[in-house]
Amino acid sequence: MKNGVLFIGGLLVVASLLSCSEKPRYADALSPEEAIKTFELEAGFAIETFAAEPFVSDPIMLTFDEQGNAYVVEMADYPGKPAPDAGKGRIKLLKDTNGDGVIDSATVFADGIGDATSLLPYEGGLLVTAAPNIIYYKDTDGDGKADHEEILFSGFFENNSEAQITSLTYGVDNWIYANNNGQRSGVKSARHPATDSLSLAGKDFRFRLDKNLFEAESGAGQFGLTTDDWGHRFFTQNTWHLQTAPIPDRYLNRHKRMPSHSSVANIYGTEDIRAFAISEAPYWRVERSEGRQRQYDAAGLDRTEHVWNHFTGASGGMMYNSGLFPEAYYGSIFTAEVALNLVHRDVINPTREGPFLTAKRAPEGQEKEFLASTDTWFRPVNSTVGPDGALYVVDMYRQHIETPVSIPDSLKVDMDFQKGTELGRIYRIYPEGKRPENPKVALSEKSSAELVGILAHTDQWWRIQAQRLLVERKDPSVAGKVAELLKAHADPRTRLHALYVLEGLNQLSAEHVSVALEDAHPQLRKHGIMLAERYPALVNAVVATANDPEAEVAFQAALSLGEFAPTAKTIDALAKVAVKYGDDAWFRKAILSSDLGASCRLYQILAQTAEYKDPIHDQPKFMEELAFTIGASEDLSEYNAFLATLPKGETDYELGIIQGFAGGVRKAKLNDATKTALINRLKSAALSAKGQEIKDALTNDLTGDN
């Protein structure tokens with residue numbers, strides 16, 4: 001018998017008996033030298049080992065600080081949950097002492113950390129996610145080891161090591177973002193214990209220590225978060241290898257009556273859920289998939305269980321915004337596929353429709369991946385771009401990477417989920433013939449004026465580090481030079497960094513924001529609109545952007561107009577956006593997210609004015625959703641105004657409006673007085689036969705009749 005179940009003395013015993021002559025189900029580890037020979041890398045690139053055991057083990061994230069120091073976080077706890085105060089996680093400072101580009105020394109910066117998953121340089125130390133906490137570590141005496149430890153936030157979900165707070169990322173807007181996988185959490189700030197606990201159910205997280213702010217953010221990223229030059233966030237979630245969140249949570253939660261509340265968009269086509277592994281599927285996965293397929297077939301379900309070559313373990317997406325690779329690679333996102341032993345590349349392009357970005361396989365990767373290995377121990381979990389412009393791929397190097405809870409017990413009897421915990425590799429990728437030298441970084445030694453100059457660097461890594469350091473220093477003496485960059489620098493990326501350096505220095509003015517609103521580049525105008533929300537006097541400038549030729553700029557205008565006091569100008573601007581873009585689901589959500597955009601005033605303009613009425617007939621979904629938000633408002637004055645112009649329901653378009661209103665009312669929690677008044681108004685509404693059916697059903701719902 002190979003594998004089976006034995007009954008001995010009335011006990012159920014799982015046996016795993018493999019004869020000596022049989023091939024083992026799972027391969028053994030390879031040395032770093034052997035493993036690198038198993039790689040297939042895109043033509044024109046070279047790959048080499050940057051670090052390996054014994055200097056790293058179980059690595060899951062690499063970062064470079066402002067001095068160019070390489071720090072790695074190791075997650076030796078995975079996949080188990082450590083006991084309190086018994087964590088095995090470590091942060092190491094890696095060093096290349098002889099300058100050959102290979103790590104030959106490692107110092108433990110901090111250890112005993114439970115479930116450490118990501119790190120970010122900040123104020124001379126490191127921020128670390130380690131559920132249930134975000135912790136700040138700092139070496140204050142220069143010995144390379146942290147002697148200061150401070151819990152900043154606590155209360156994050158901690159019961160699944162694959163779904164915890166992680167992926168710390170410094171945004172161009174000076175906020176620090178983190179993935180929370182949408183887990184229910186009650187987050188508290190240790191520095192401000194009197195503040196209310198923050199619920200993160202269905203959300204990600206962001207915070208600013210310089211302004212003592214923290215809040216929920218749209219998205220449900222799992223492991224892997226990256227941003228482009230303009231602040232768009234991209235995150236991974238296992239099967240969904242590349243997602244974004246077009247509408248920030250602060251807009252989506254202005255009221256609670258949205259007909260649709262989803263904040264996440266997959267930005268790749270259905271054909272791009274495929275992945276092209278060159279390794280073989282492991283025994284347990286084949287058995288599990290075949291068992292699931294038999295269950296689907298027996299139940300008569302039209303469903304296919306993919307055994308291999310489809311994304312299931314996407315993680316660690318990283319946008320490449322550096323100049324070392326060929327120009328065509330700038331702005332590409334490299335996503336690790338930890339289960340399939342590969343790294344995938346997507347090309348990102350803007351579109352004129354929400355969510356305004358698409359991801360497509362690169363021309364060179366239509367039937368293959370950027371990097372793949374036949375070694376089933378190759379577990380790329382993350383990547384980062386260094387100050388040298390190279391792409392660093394972090395390989396946890398484990399025999400098994402999946403959480404045991406996802407595998408049937410009958411298949412786990414000969415699986416050791418800790419096998420390889422002493423191993424780990426980090427690889428460096430660069431164009432052939434362009435092996436980068438170790439750059440002298442030392443940004444901490446630069447003056448503030450010198451850091452302002454680095455805002456014009458061609459590589460994102462250098463620009464974002466310079467921005468962060470300037471914001472941390474709070475040196476107002478450079479504000480004039482930064483403002484000059486905003487007004488006159490040729491590179492729009494530099495102008496954007498300048499805008500947010502001024503914001504971070506508390507030197508931003510309405511004049512600076514006006515400069516951004518008039519910028520030639522649409523992304524500067526978009527950020528100008530967001531920042532204009534702080535300056536009521538700029539309302540007319542924001543109103544004008546509703547007519548911007550770039551769809552994403554008009555989209556931001558639709559979001560931001562709801563932050564200004566309601567006026568005839570702001571409601572008219574929203575109506576114009578609805579006419580032009582009302583057939584787009586994301587535009588509808590942007591407009592309806594504010595009280596102004598979810599008002600009967602907007603409905604009346606669109607329903608009664610000929611300029612708007614005819615185009616809206618081609619966009620019935622928007623009017624239906626607008627009617628829903630009015631119905632869900634629990635506001636009798638809104639109900640009265642809406643019912644005064646309620647259509648009879650003689651066309652599908654009009655029926656959709658009535659149906660939408662009814663759906664919103666059903667969602668509302670009405671007191672008896674409002675309910676009675678609404679019923680009386682409904683009774684007087686003259687509707688078509690079909691409209692009358694909807695009205696009667698709603699009236700019965702409100703009166704409690706069956």
Side-chain angles (χ1 to χ4, degrees), residues 169-177 204 206 217-219 221 225-235 242-248 250-251 263 265 267 317-323 327 329-334 346-360 385 455-468 471 482 485-486 489-504 508 512-513 515-533 545 548-560 586 590:
T169 302
Y170 194 93
V172 72
D173 58 0
N174 298 316
W175 285 82
I176 297 171
Y177 292 84
D204 282 339
R206 73 173 191 164
E217 184 53 288
S218 297
L225 171 61
T226 190
T227 62
D228 66 7
D229 289 331
W230 315 113
H232 298 109
R233 286 184 303 129
F234 304 88
F235 41 90
L242 205 51
Q243 299 178 305
T244 189
I247 303 179
R250 62 186 181 276
Y251 297 121
S263 65
I267 59 172
M318 171 57 61
M319 175 163 278
Y320 185 84
N321 282 354
S322 202
E327 185 178 355
Y329 289 78
Y330 192 98
S332 292
I333 292 182
F334 294 90
D346 278 299
V347 176
I348 310 300
N349 288 305
T351 70
R352 290 191 56 79
E353 299 177 343
F356 308 108
L357 297 160
T358 62
K360 295 289 184 184
V385 179
L455 295 175
H457 201 284
T458 56
D459 289 8
Q460 184 190 51
W461 185 91
W462 290 82
R463 296 194 307 272
I464 205 74
Q465 300 304 321
Q467 174 179 330
R468 177 176 64 82
V471 171
V482 176
L485 292 181
L486 171 64
H489 199 275
D491 190 335
R493 300 170 301 179
T494 297
R495 299 199 297 272
L496 183 61
H497 285 287
L499 181 67
Y500 279 105
V501 168
L502 290 169
E503 190 274 344
L508 188 70
H512 297 135
V513 176
V515 170
L517 286 167
E518 298 173 2
D519 198 279
H521 197 283
Q523 292 298 326
L524 266 294
R525 300 198 297 276
K526 173 187 169 181
H527 282 274
I529 295 169
M530 282 190 282
L531 292 172
E533 295 171 10
T545 62
D548 197 282
E550 290 292 333
E552 191 177 357
V553 178
F555 181 77
Q556 183 59 50
L559 291 167
S560 294
W586 286 102

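All values reported here derive from a predicted model rather than from experimental measurement.
Arg495 approaches Ala490 most closely through the heavy-atom pair NH1-O, 3.3 Å. The heavy-atom pair separating Gly528 from Val513 by the smallest distance is O-CG1, 3.3 Å. The two atoms that bring Ala466 and Leu455 nearest to each other are CB-CD2, 4.1 Å, heavy atoms only. Between Leu242 and Ala359 the shortest heavy-atom distance is CD2-CB, 3.5 Å. The two residues Ser322 and Val385 have their closest heavy-atom pair at CB-CG1, 4.0 Å. Across Ala498 and Leu485, no two heavy atoms sit closer than the pair CB-CB, 3.9 Å.
Note that CG of Leu486 is 6.5 Å distant from NE2 of His512, once rounded to the nearest 0.5 Å. Rounding to the nearest 0.5 Å gives a distance of 13.5 Å between CD of Glu353 and CH2 of Trp586. Going from atom CG of Leu531 over to atom CD of Glu503 covers 6.5 Å, rounded to the nearest 0.5 Å. Taking NZ from Lys526 and OG1 from Thr545, the interatomic distance works out to 12.5 Å, rounded to the nearest 0.5 Å. With rounding to the nearest 0.5 angstrom, the CG atom of Asp229 is 3.5 Å from the OH atom of Tyr330. Atoms CG and CG, from Leu499 and Asp173 in turn, are 10.5 Å apart once rounded to the nearest 0.5 Å.
The closest donor-acceptor contact from the side chain of His521 to the backbone of Arg493 lies at 3.5 Å or more, if one exists at all. Proximity of a side-chain donor or acceptor of Thr226 to a complementary backbone N or O of Met319 within less than 3.5 Å is detected. Using modelled atom types, no side-chain atom of Thr244 and backbone atom of Ala265 make a donor-acceptor pair closer than 3.5 Å.
The aromatic rings of Tyr329 and Phe334 sit parallel to each other, their planes meeting at less than 30°, with 60° as the upper class boundary.
If you check the side chains of Gln460 and Arg463, you find no donor sitting under 3.5 Å from an acceptor. Checking Gln556 against Tyr251 by side-chain atom types alone, a donor-acceptor pair falls below 3.5 Å. For the residue pair Asn174 and Gln467, a side-chain donor N or O sits within less than 3.5 Å of a side-chain acceptor on the partner. Between the side chains of Glu550 and Gln523, not a single donor N or O lies within less than 3.5 Å of an accepting N or O.
For Arg206, the side-chain hydrogen bond (donor to acceptor under 3.5 Å, both in side chains) partners are Tyr177, Glu215, not counting sequence neighbours. In terms of the side-chain hydrogen bond (donor to acceptor under 3.5 Å, both in side chains) criterion, Asp204 has no residue partners (sequence neighbours excluded). Taking the ring pair (Phe, Tyr, Trp, His ring centres under 6.0 Å) definition, one finds that Trp461 meets it with nothing, sequence neighbours left out. With sequence neighbours excluded, the residues forming a side-chain contact (heavy atoms from CB on, under 4.5 Å) with Ala245 are Ser218, Arg233, Phe235, listed by chain and number. For Trp462, the ring pair (Phe, Tyr, Trp, His ring centres under 6.0 Å) partners two or more places apart in sequence, or in a different chain, are His457. Under the ring pair (Phe, Tyr, Trp, His ring centres under 6.0 Å) criterion, His497 pairs with no residue at all, not counting sequence neighbours.
Taking 4.5 Å as the limit, every side-chain heavy atom of Glu217 sits out of range of all side-chain heavy atoms of Trp175. The shortest side-chain heavy-atom distance between Val172 and Thr227 does not fall under the 4.5 Å cut-off.
Checked against the 6.0 Å centroid criterion, the rings of His232 and Phe356 do not qualify as a close aromatic pair.
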Point to revise | Leu357 and Phe234: CA distance, side-chain angles, deciding distance, side-chain contact (heavy atoms from CB on, under 4.5 Å) verdict | key: CA-CA 10 Å; Leu357 297 160; Phe234 304 88; 3.7 Å; yes
Exercise for review: Go through Trp230 and Leu524 one step at a time and tell me if the side-chain contact (heavy atoms from CB on, under 4.5 Å) criterion holds.
Suggested key: CA-CA 8 Å; Trp230 315 113; Leu524 266 294; 4.2 Å; yes
